[in-house]
Amino acid sequence: MSRSVIDIIDLTKEEIDQLIETAEDIIADPEKYAHICAGKKLATMFFEPSTRTRMSFEAAMYELGGYVLSMTDAATSSAAKGESVSDTAKVISCYADIIAMRHPKEGAAYVAAAAASIPVINAGDGGHCHPTQTLADLLTIKREKGRLGNLTVGLCGDLKFGRTVHSLIQALSRYEDIKLVLISPDELKLPEYVYSDVIVKNKMKCTQTSDLLWALPKLDVLYMTRVQKERFFNEEDYVRLKDSYILTPEKLALAKPDTSVLHPLPRVNEISVAIDDDPRACYFKQVKYGKYMRMALILKLLTEDGTIIY
Ligand code: CP
């Protein structure tokens, strides 16, 4: 069976560091990598909307010299006729060399990986996790701060449904001297399973608060998140919570001069557009870094699989 990456814990810290090294080498010398995947195919199997993740996987494969087969929408695939995730993964294994998959149900990527005969990369499964967003986040932090340890990281907004937050905390737990500040309304607090299985188990330093203004001056990194409308059971709760945090230039004035502001995007209105030109705003760089980390991951999995020699 091919090796898949469903959760960030499927990669060791050493492998993550190696992927960062490869991504930085791709940034420095893209031509060296431009034909490595010639003739190979990535299938994007997306059952849920996406702009960045799908397009960056596709751009990544093109920039490695490969091709892309794209299922952009469950409604225009045979999933709409009732085909299972498992059968879809078996079928796509007949056409492609690697799959990037997004699905609204937690655990769906595990089902696909168990059925597929090619590597599957989880591109987000419900409120569970989003490992390649975490790879993008880590490269952004590394390039902005010069390190991945000895940092105070604030995570703000929808920590309950925000799958990128769950994966990022898991990844940061492997680095030395990370202090977490979890900033959310009570209803959107980090799920208990992430808190106990990751933060408590790894003895991470962690503070929980609902007060962004209190937290801001302490942070080296502020990771803002959108309130995940699509995961709410009723509109009323979403409307009440959606504007819990809006980062404005006045609030950012409380932060350190070198605090890096990240956001996995899409943004709704939790970061004012007036912040986009602030040198501390890193979220569009983060988008670009995502493509390089996905290139590095595709290379790693196809090499391990024997599909390419690199
Ligand atoms: N960050 C992220 O996953 O964006 P998309 O939903 O646009 O892929």
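Ligands are counted one by one from 1 in listed order, and the atoms in each one are counted from 1 as well.
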Q: Could you tell me if any non-hydrogen atom of R102 lies under 4.0 Å from any atom of ligand 1?
A: yes
Q: Could you tell me whether ligand 1 has any atom less than 4.0 Å away from a heavy atom of H130?
A: yes
Q: Do me a favour and list the nearest non-hydrogen protein atom to atom 4 (O) of ligand 1 with residue, atom name and distance?
A: R52 NE, 2.9 Å
Q. By number and element, which atoms of ligand 1 are closer than 4.0 Å to a non-hydrogen atom of T53?
A. 2 (C), 3 (O), 4 (O), 5 (P), 8 (O)
Q | Salt-bridge present (R240, E236; N to O < 4.0 Å) | A | no
Q) Are T53 and Q133 close enough that a side-chain donor and a side-chain acceptor fall under 3.5 Å? A) no
(Q) Which of the numbered atoms in ligand 1 are under 4.0 angstrom from any heavy atom belonging to T51? (A) 5 (P), 7 (O), 8 (O)
Q: Please state whether the rings of H263 and Y283 are parallel, tilted or perpendicular, taking 30° and 60° as the class boundaries.
A: perpendicular
Q) What part of L265, side chain, backbone, both or neither, has a heavy atom within less than 4.0 angstrom of ligand 1? A) backbone
Q.
Quick check: R54 and ligand 1, any N/O pair under 3.5 Å apart?
A. no
Q) Do P266 and ligand 1 have an N or O pair less than 3.5 Å apart? A) no
(Q) Using a 4.0 Å cut-off to any heavy atom of P264, which atoms of ligand 1 qualify? (A) 1 (N)
Q) Going by atom types alone, do Q286 and D137 pair a side-chain donor with an acceptor below 3.5 Å? A) yes
**Q.** Short N-O contact, R147 and D177, less than 4.0 angstrom
**A.** no
Q) Would you call R163 and D125 a salt bridge, using N to O less than 4.0 angstrom? A) no
(Q) Tell me whether the NZ or CZ atom of R102 lies within the 45° cone about the ring axis of F46 and under 6.0 Å from its centre. (A) no
